[in-house]
Amino acid sequence: MKEKGFTTGIVHGDRESPIEHGSVHKPVHNVVLYGYETAEELAAVFQNRQPGYSYGRQNNPTTTALQSKLSRLEQGIDTICFATGMAALSATCLTLLKTGDHLISSQFLFGNTNSFFQTLTQYGIEVSFVDATDVENVKAAVQPNTRMVFVETIANPCTQIADLKAIGAFCHAQQLVYVVDNTMSSPALFQPKSVGASLSINSLSKIIAGHGEVLGGSVTDLGSYDWSQYPNINESYRKGDPQKWGLQQIRKKGLRDMGATLAPDSAHRIAIGAETLALRVQKACSNAQALAEFFDQHPAIKQVYYPGLPCHPQHERAKALFCGFGALMSIDLVDDDACFKVLNKLKCVVLSSHLGDNRTLAIPVAHTIFFEMGPQRRASMGISEGTIRISVGIEDQADLLEDFAQALA
Ligand SMILES: *Cc1c(COP(=O)(O)O)cnc(C)c1O
């Protein structure tokens with residue numbers, strides 16, 4: 001049968017297996033324990049000889065339903081959900097890397113991921129930060145102990161776009177695990193599988209849920225990495241289909257043992273949000289394009305960072321890889337010192353650190369989310385002291401243009 005379209009797959013996915021009373025949603029199973037009729041059955045479930053649920057920290061039917069939807073959106077083989085995006089990301093790195101390993105990461109990174117990678121170095125994992133917009137920098141950083149390459153699709157706040165395809169080809173040739181954080185593009189704009197990524201990580205708290213009322217994260221195995229080649233898979237997880245070994249280890253060590261489980265109620269909310277993902281992304285992208293063009297012409301603005309502008313250094317790459325240019329942009333004012341003044345005049349736009357929300361949000365990044373890392377690291381990411389990051393929402397375009405016009409006047 002022909003694979004269903006993106007949104008059709010989400011809105012009808014739950015009904016593909018029977019649900020009580022013809023309910024169109026998978027019910028919320030608010031439950032910790034699962035009871036069995038016989039001890040034999042209980043043992044079979046625990047030994048993976050029979051499908052079933054063992055304990056709420058490891059699995060829940062509502063979360064399983066969300067995981068199936070995410071696997072479909074990412075065209076992956078399986079997905080594990082976590083309580084937050086950071087939980088998904090940290091569990092993935094902590095379970096697949098060991099002391100003595102080397103990780104190559106893009107230097108253009110979400111602030112908390114940057115901070116987490118600093119923590120990894122305290123456990124004896126080496127991390128090299130490189131300008132991943134050019135694969136040559138990744139190649140130059142490779143060492144005999146390199147195990148993993150980590151990049152984001154569209155970096156925050158200055159929207160650099162990693163050399164996604166060339167890095168994929170290189171990782172494949174070198175048998176490196178290629179982890180792509182797809183949060184900023186979301187599966188509605190980009191499938192990391194198309195560039196040969198091994199794992200795709202999403203913060204579900206952002207545009208996938210979209211409504212700013214639930215946290216979640218996920219890691220999807222895209223089926224392109226041969227885990228039988230990977231030295232860090234424990235003997236006990238080298239069983240069955242090697243395609244599943246990586247996620248098996250992340251599930252057992254990263255979810256069961258570390259315990260950052262997604263709540264079933266959150267899984268339900270995320271699944272509801274995801275139904276309109278493609279629609280919201282389309283609207284937010286078109287608002288973002290209009291705003292970027294407006295900012296680009298505005299005399300008070302020195303620089304606009306948005307992949308949808310032809311002057312963006314990776315505009316052609318974005319056009320070739322993504323179905324749209326995203327809803328995130330940053331601006332530098334001619335007068336850095338006017339940054340707070342402009343922000344304080346915004347009426348409709350919310351001053352907030354979040355992104356991918358239905359509402360348009362703005363934040364002075366050097367003073368907030370990128371404050372802790374200090375001026376040197378900020379400069380390496382292209383952030384100036386007056387950079388304002390804007391996450392564009394789904395409001396009516398005229399209202400957004402008017403709000404920014406009066407704030408900049
Ligand atoms: C927000 C974000 C995360 C972390 O997600 P949480 O759900 O907030 O923990 C990771 N990566 C990127 C690119 C993000 O924007």
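As the structure lists them, so they are numbered: ligands from 1, and atoms in each ligand from 1. One-based numbering along the sequence shown.
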Quiz item: In terms of side-chain heavy atoms, does Asn232 have a donor or acceptor partner in Asp101 at a distance below 3.5 Å?
Solution: yes
Self-check item: Any donor-acceptor N or O pair under 3.5 Å, side chains Tyr34, Asn59
Solution: no
Exercise. Can you tell me which residue pairs pass the side chain to side chain donor-acceptor pair (under 3.5 Å) test with a partner in residues 152-162, sequence neighbours excluded?
Key: Thr153-Ser185, Asn156-Arg389, Thr159-His312
Quiz item: What's the spacing between Leu199 CG and Leu96 CG if we round to 0.5 Å?
Solution: 6.5 Å
Self-check item: Residues in side chain to side chain contact (heavy atoms under 4.5 Å, CB included) contact with Ser106, at least two apart in sequence or another chain
Solution: Phe108, Ala132, Val151
Give one line per pair: atom of ligand 1, protein atom, distance. Only N/O to N/O under 3.5 Å.
{"unit_1": "ligand 1", "atom_1": "5 (O)", "unit_2": "Ser203", "atom_2": "OG", "d": "3.0"}
{"unit_1": "ligand 1", "atom_1": "7 (O)", "unit_2": "Gly85", "atom_2": "N", "d": "2.8"}
{"unit_1": "ligand 1", "atom_1": "7 (O)", "unit_2": "Ser203", "atom_2": "OG", "d": "2.8"}
{"unit_1": "ligand 1", "atom_1": "7 (O)", "unit_2": "Ser205", "atom_2": "OG", "d": "2.6"}
{"unit_1": "ligand 1", "atom_1": "9 (O)", "unit_2": "Gly85", "atom_2": "N", "d": "3.1"}
{"unit_1": "ligand 1", "atom_1": "9 (O)", "unit_2": "Met86", "atom_2": "N", "d": "2.9"}
{"unit_1": "ligand 1", "atom_1": "11 (N)", "unit_2": "Asp181", "atom_2": "OD2", "d": "2.6"}
{"unit_1": "ligand 1", "atom_1": "15 (O)", "unit_2": "Lys206", "atom_2": "NZ", "d": "2.7"}

Quiz prompt | By salt bridge (Lys or Arg N to Asp or Glu O under 4.0 Å) - contacts of Lys69 (at least two apart) | solution = Asp14
